[in-house]
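Written below as structure tokens is the structure these notes are about.
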Amino acid sequence: MLMRRLSPDSDPVDLAEAYAYPDTAGSPWVRANMVASADGAATWEGRSGGLGGEADRRLFSLLRGLADAVVVGAGTVRAESYGPARPDPGWEGLRAGRPATPALAIVSRTLDLDFGAPVFTEAGPGAATLVLTTETADPGRLRAAREHAEVITAGRDGLDFRAAFARLAELGRPRLLCEGGPLVLAQVAAAGILDELCLTVSPVLASGSAPRVLDGPSLPPPSRLRLAHVLEDADGEGFLFLRYVRKR
Ligand SMILES: NC(=O)c1ccc[n+]([C@@H]2O[C@H](COP(=O)([O-])OP(=O)(O)OC[C@H]3O[C@@H](n4cnc5c(N)ncnc54)[C@H](OP(=O)(O)O)[C@@H]3O)[C@@H](O)[C@H]2O)c1
């Protein structure tokens with residue numbers, strides 16, 4: 001059996017180049033960025049923060065800087081008290097010709113969202129927060145959502161993720177970054193529209209009953225991925241950054 005050693009390797013990496021979105025001529029490209037413990041947990045005590053580290057936070061920010069919109073489930077918005085994306089000095093040169101920050105696009109069925117929270121009231125210019133919901137959402141909640149956000153409706157029982165993402169691309173936001181959570185990401189993968197998974201493997205063991213980075217029914221059949229790269233943080237924290245692209 002022949003194997004190659006991928007690490008250690010001393011070559012520094014240009015991260016913006018390593019994670020550049022492909023040119024899709026305006027069609028959506030759906031990248032997910034998730035962190036998991038070495039034993040596969042996507043949360044620790046109900047949040048992902050305990051799994052991350054400095055290098056992981058820097059990559060999280062860089063991937064936001066490259067994206068046109070950040071798609072995130074309402075569960076994560078509530079658990080992690082999400083605010084709007086804030087400009088990062090490290091984004092210099094990444095957002096020429098685009099708003100200073102990517103817009104958040106929150107996936108919700110119930111629209112049980114706090115429209116007075118900073119995630120809606122403090123979004124930057126050209127980056128107003130969007131809400132992605134179903135055509136059957138409660139009319140009163142839908143009216144409230146429309147007063148505070150741009151709303152995209154697609155699908156009846158659950159969000160039609162493919163149609164919603166196509167609409168985001170039509171609105172000039174084809175480079176999508178899905179930050180989970182696991183319930184949303186499982187559905188994006190099940191819809192066959194997850195192009196890329198950026199997975200941070202954190203050097204911790206979590207045990208417990210946390211979900212994995214995808215939390216949904218088995219995919220029929222499993223989605224095949226190509227390993228595009230493996231990076232290790234140079235600070236020696238022991239994080240691995242895997243970039244997988246869907247095999248077509
Ligand atoms: N490891 C990581 O990288 C990572 C990343 C993100 C989050 N997390 C963790 O994951 C947890 C939250 O994730 P989660 O999986 O529970 O929730 P989630 O995926 O963030 O959000 C679930 C919510 O999204 C909405 N939703 C889901 N499917 C829908 C559909 N088909 N149509 C319309 N709306 C839909 C619903 O919102 P409504 O209830 O409003 O209807 C649902 O409650 C937190 O603990 C967070 O810290 C970990």
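Note that ligands are numbered from 1 as they come in the structure, with each ligand's atoms numbered from 1 the same way.
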Examine the side chains of T101 and W91 and answer whether a donor and an acceptor come within less than 3.5 Å of each other.
no
Protein heavy atom at shortest distance from atom 17 (O) of ligand 1
G75 CA, 3.7 Å
Run down the list P182, G180, A41 and name the one with the heavy atom closest to atom 8 (N) of ligand 1.
P182
If we only count N/O pairs under 3.5 Å, is V184 in contact with ligand 1?
yes
Got a second to check how far D88's CG is from R64's CZ, nearest 0.5 Å?
10.5 Å
Is there a donor-acceptor pair closer than 3.5 Å between any side-chain N or O of R98 and the backbone N or O of L66?
yes
Give the atom numbers and elements of ligand 1 that come within less than 4.0 Å of a heavy atom of E80.
46 (C), 47 (O)
Should N33 be counted as touching ligand 1, given the test is an N or O pair under 3.5 Å?
no
From atom 33 (C) of ligand 1, is the closest protein heavy-atom distance below 4.0 Å?
yes
Would one find an N or O of A42, backbone or side chain, under 3.5 Å from an N or O of ligand 1?
yes
Quick note on ligand 1: atoms under 4.0 Å from a heavy atom of L159 include exactly 30 (C), 31 (N), 32 (N), 33 (C)
Closest by any non-hydrogen atom to atom 37 (O) of ligand 1: pick that one out of A74, A164, C178.
A74
Are side-chain N/O atoms of E196 and Y21 paired as donor and acceptor at under 3.5 Å?
no
Would you mind listing which atoms of ligand 1 come within a distance below 4.0 Å of any non-hydrogen atom of V35?
1 (N), 2 (C), 3 (O)
Tell me which protein heavy atom sits closest to atom 18 (P) of ligand 1, plus the residue, atom name and distance to 0.1 Å.
G181 N, 3.6 Å
If we count only N and O atoms by modelled type, under 3.5 Å, do the side chains of E80 and S48 hold a donor and an acceptor together?
yes
Can an N or O of A79 be found at a distance shorter than 3.5 Å from an N or O of ligand 1?
no
Where the closest heavy atom to atom 20 (O) of ligand 1 is concerned, which of I106, D160, L113, T76 has it?
T76
Parallel, tilted or perpendicular, judged at 30° and 60°: which one describes the rings of F165 and F161?
perpendicular
Are any of the side-chain nitrogens in D235 or R58 under 4.0 Å away from the carboxylate oxygens of its partner?
yes
Once you round to the nearest 0.5 Å, how far does SG of C178 lie from CG of L185?
5.0 Å
Taking only heavy atoms of T110, which atoms of ligand 1 are found under 4.0 Å from at least one of them?
38 (P), 39 (O), 40 (O), 41 (O)
Can you name the atoms of ligand 1, numbered from 1 with element, that are less than 4.0 Å from a heavy atom of S48?
1 (N), 2 (C), 4 (C), 47 (O), 48 (C)
Would you say the side-chain atoms of S37 pair up with the backbone N or O of A41, donor to acceptor, closer than 3.5 Å?
yes
Any idea which protein heavy atom is nearest atom 9 (C) of ligand 1, and the distance to it?
T43 CG2, 3.4 Å
Of all the non-hydrogen atoms in the protein, which one sits nearest to atom 40 (O) of ligand 1, and at what distance?
S108 OG, 2.7 Å
Out of E45, R109, M34, whose heavy atom is nearest to atom 30 (C) of ligand 1?
R109
Nearest to atom 16 (O) of ligand 1 by heavy atom, V107, L132, L183: which?
L183
Are the side chain of R246 and the backbone N or O of I193 linked by a donor-acceptor pair below 3.5 Å?
no
Nearest to atom 39 (O) of ligand 1, what protein heavy atom do you find, and at what distance?
R78 NH2, 2.7 Å
Donor-acceptor contact below 3.5 Å, side chain T200 vs main chain D56
no
Quick one: which ligand 1 atoms are inside 4.0 Å of a heavy atom on G46?
44 (C), 45 (O), 47 (O)
Nearest-contact summary for atom 27 (C) of ligand 1 - protein heavy atom, Å:
Q187 NE2, 3.6 Å
Please report whether the ring centroid of H229 lies less than 6.0 Å from that of Y244.
no
Looking at E179, which atoms of ligand 1 are within less than 4.0 Å of one of its heavy atoms?
5 (C), 6 (C)
Exactly one candidate in R175, R95, R173 meets side-chain hydrogen bond (donor to acceptor under 3.5 Å, both in side chains) with D68; the answer is R175
Is any side-chain heavy atom of I106 less than 4.5 Å from a side-chain heavy atom of L132?
no
